[in-house]
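Worksheet: the structure to be examined is printed underneath.
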2 protein chains.
Amino acid sequence: MSPATPRYIEIARALQKRIESGELLPGDQLPTEHELAGEWNVSPNTAKQAMKELRRSGRVETLPHRGSFVSKESTPFVITLNDVDLDEDLPGRPGGGEGRAFVDEAERQGLRATSSLPRVSIAQATDAQKSALRLRGEPRPQIVRRTQQRFIDGKPNSLQHSYFALELALTAQALLAENEIAEGSVAYLRKHGHVQVGYEDGFDARPPTAEEMEFFGLPRDSLAVIEHSRTAFDQNGEPFRLTVTVYKPGANRIRFFAGDVPDGARNPAS
Amino acid sequence: MSPATPRYIEIARALQKRIESGELLPGDQLPTEHELAGEWNVSPNTAKQAMKELRRSGRVETLPHRGSFVSKESTPFVITLNDVDLDEDLPGRPGGGEGRAFVDEAERQGLRATSSLPRVSIAQATDAQKSALRLRGEPRPQIVRRTQQRFIDGKPNSLQHSYFALELALTAQALLAENEIAEGSVAYLRKHGHVQVGYEDGFDARPPTAEEMEFFGLPRDSLAVIEHSRTAFDQNGEPFRLTVTVYKPGANRIRFFAGDVPDGARNPAS
DNA sequence: GAGTGGTCTAGACCACCGG
DNA sequence: CGGTGGTCTAGACCACTCG
């Protein structure tokens, strides 16, 4: 707070203007930190701090030991979160849960979606997981986690974790296998007594975990990730599945529709 | 990258463990940066960097010139985004659009919601606004912005901007007045020929603007904010309103319901 | 006035990258 | 190899808050 606005903010803003004005185009290399320090007559650390500020805004990406570059704006992958993932037999609600909807949506947009085989692990439920799945009894009940990495055109897109009560997985044992469930998890779980009749969605933003930074290739001081949680309810009104999907911001548009939205509006071209 | 993990990350992790273990409770003051530098035998700058890392995670808040403290976990305000904001006359869809739903939801949770009078301004539409409202013609059409600050129990909760084509506001002139629209904007706009029959929602996360940092009281290196955009469509399938609501992450839970979700699940107590 | 964090300097060493 | 960014040092001054 030496002057009203610190020097490193000034530098960041000046570079940002050069980007917005089109003088620096997506993909172009920014001045190196050394050059910046010289041009602005500041210490290297102050120049570095300016770069950090630009990285946080998402407009600039730094490849360590190579340089900083103007981010390329990517056409975001549009994820439409309703009319999918409910039981296929419900009238007017297509979609096959878990992985299917993702692949379908991508194909509709002419993109190729792939996902890794699920990794399955058993862990102690966090408070949030416990309350979402209404697990009672033990303070730290065990929970099954199925994790899949999802890619669009080969690039990391999202990380999806599905959580089930261990109890449920003991009867529906395909949940424990590190394989896709061929018929879809919604259909599979229906056979085991849980008809998925509805869900609750929640959103939050938080800093990425180490795993997420590696998967998405995020620098240490990057944007937050977006977390979408979906709790699925069965015919008895009991939650039986919690799916948490983590997205890199900017690369996706997450959409919901309600009421009568014209088909035209549903085109990703919008 | 001197060793595998930098010193400042080690320090941050050590403090985080002391918080998670309960040794440091919400509201407690953390060691000062000066103390940290001494305890860990590092330079002041490295201690500062560790604190920055903790701030980014949201578990620590720094009050400049006073100290750093363990964040108090606040019971989040739950925002339920469906079954509201559609035309009140549509069967099974209560709710009164714009401000009403916010106040109603808060009352249901026993909280007091207030909002500032709208500030109205006319600006040039950004590309995103232009495409959401399907504005054609001029490259930079003018657009009306109505902004309200919203508070829960007196504390800043969210910042809501509604955008309309200038053309629309010239016939529906209440949109230009810096007053609440008594009957609700949905009812008001219906009288002017736009029956709101559906909407499209989108989510993203991004770093806060200067205005948002000030309103929410965010430090410069804080989490991202969550942005919820809702485009409302009229009986002709044309978009006529874009509402963008900005939330501070962690302080809110944004929810959607689909299908048959039991009433029990809709209690904020979950 | 003492303590605190925000900003800044002018260097340093290292690891990684490209040619 | 030279250039780059990541980390770090050991100081400095300032503005703000508190008692």
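Residue numbers begin at 1 in each chain, while the letters A, B, ... track the order of the sequences.
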Separation of [N] [atom2] from [X] [atom1] (nearest whole Å):
X     : N      : atom1 : atom2 : result
B/R55 : C/dT4  : CZ    : P     : 15 Å
B/E35 : C/dA2  : CD    : C1'   : 14 Å
A/M51 : D/dT4  : CE    : C1'   : 11 Å
B/W40 : D/dA10 : CH2   : P     : 17 Å
B/L36 : D/dT9  : CG    : P     : 13 Å
B/Q49 : D/dT7  : CD    : P     : 6 Å
B/H34 : C/dA2  : NE2   : P     : 14 Å
A/N45 : C/dC13 : CG    : P     : 15 Å

Spell out, as yes or no, whether a donor-acceptor pair under 3.5 Å connects the side chain of A/S21 to the backbone of A/E23. yes

Can you tell me which nucleotide in D/dG5, C/dT7, D/dC8 comes closest to the side chain of B/R7? D/dC8

Taking only the side-chain heavy atoms of B/V42 (C-beta and beyond), determine which of D/dT9, C/dC8, D/dG11 contains the nearest atom.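 Output: D/dT9.
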
State whether the distance check finds a donor on one side and an acceptor on the other, under 3.5 Å, for side chain [X] versus base [N].
X     : N      : value
A/N41 : C/dT9  : no
B/H65 : D/dT17 : no
B/K48 : C/dG5  : no

Are there over 12 heavy-atom neighbours, none belonging to A/Q29, within less than 6.0 Å of that residue's CD?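 Enclosed: over 12 neighbouring heavy atoms sit under 6.0 Å from CD of A/Q29.
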
Tell me whether the side-chain N/O atoms of [X] come closer than 4.0 Å to OP1 or OP2 in [N].
X     : N      : answer
B/R66 : D/dC18 : yes
B/Y8  : D/dC8  : no
B/T46 : D/dT9  : yes

Taking for B/L63 and for A/S43 the nucleotide of DNA chain C with the nearest heavy atom, the one nearer the 5' end belongs to B/L63

Give a yes or no on whether a salt bridge exists between A/E212 and A/R206, defined as a side-chain N under 4.0 angstrom from a carboxylate O.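 The answer is yes: the pair qualifies as a salt bridge.
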
Between B/E10 and B/R7, is the closest basic N to carboxylate O distance under 4.0 Å? yes

Would you please indicate yes or no on a ring centroid separation below 6.0 angstrom for B/F151 and B/F215?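 Ring-ring flag for B/F215/B/F151: true, centres closer than 6.0 Å.
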
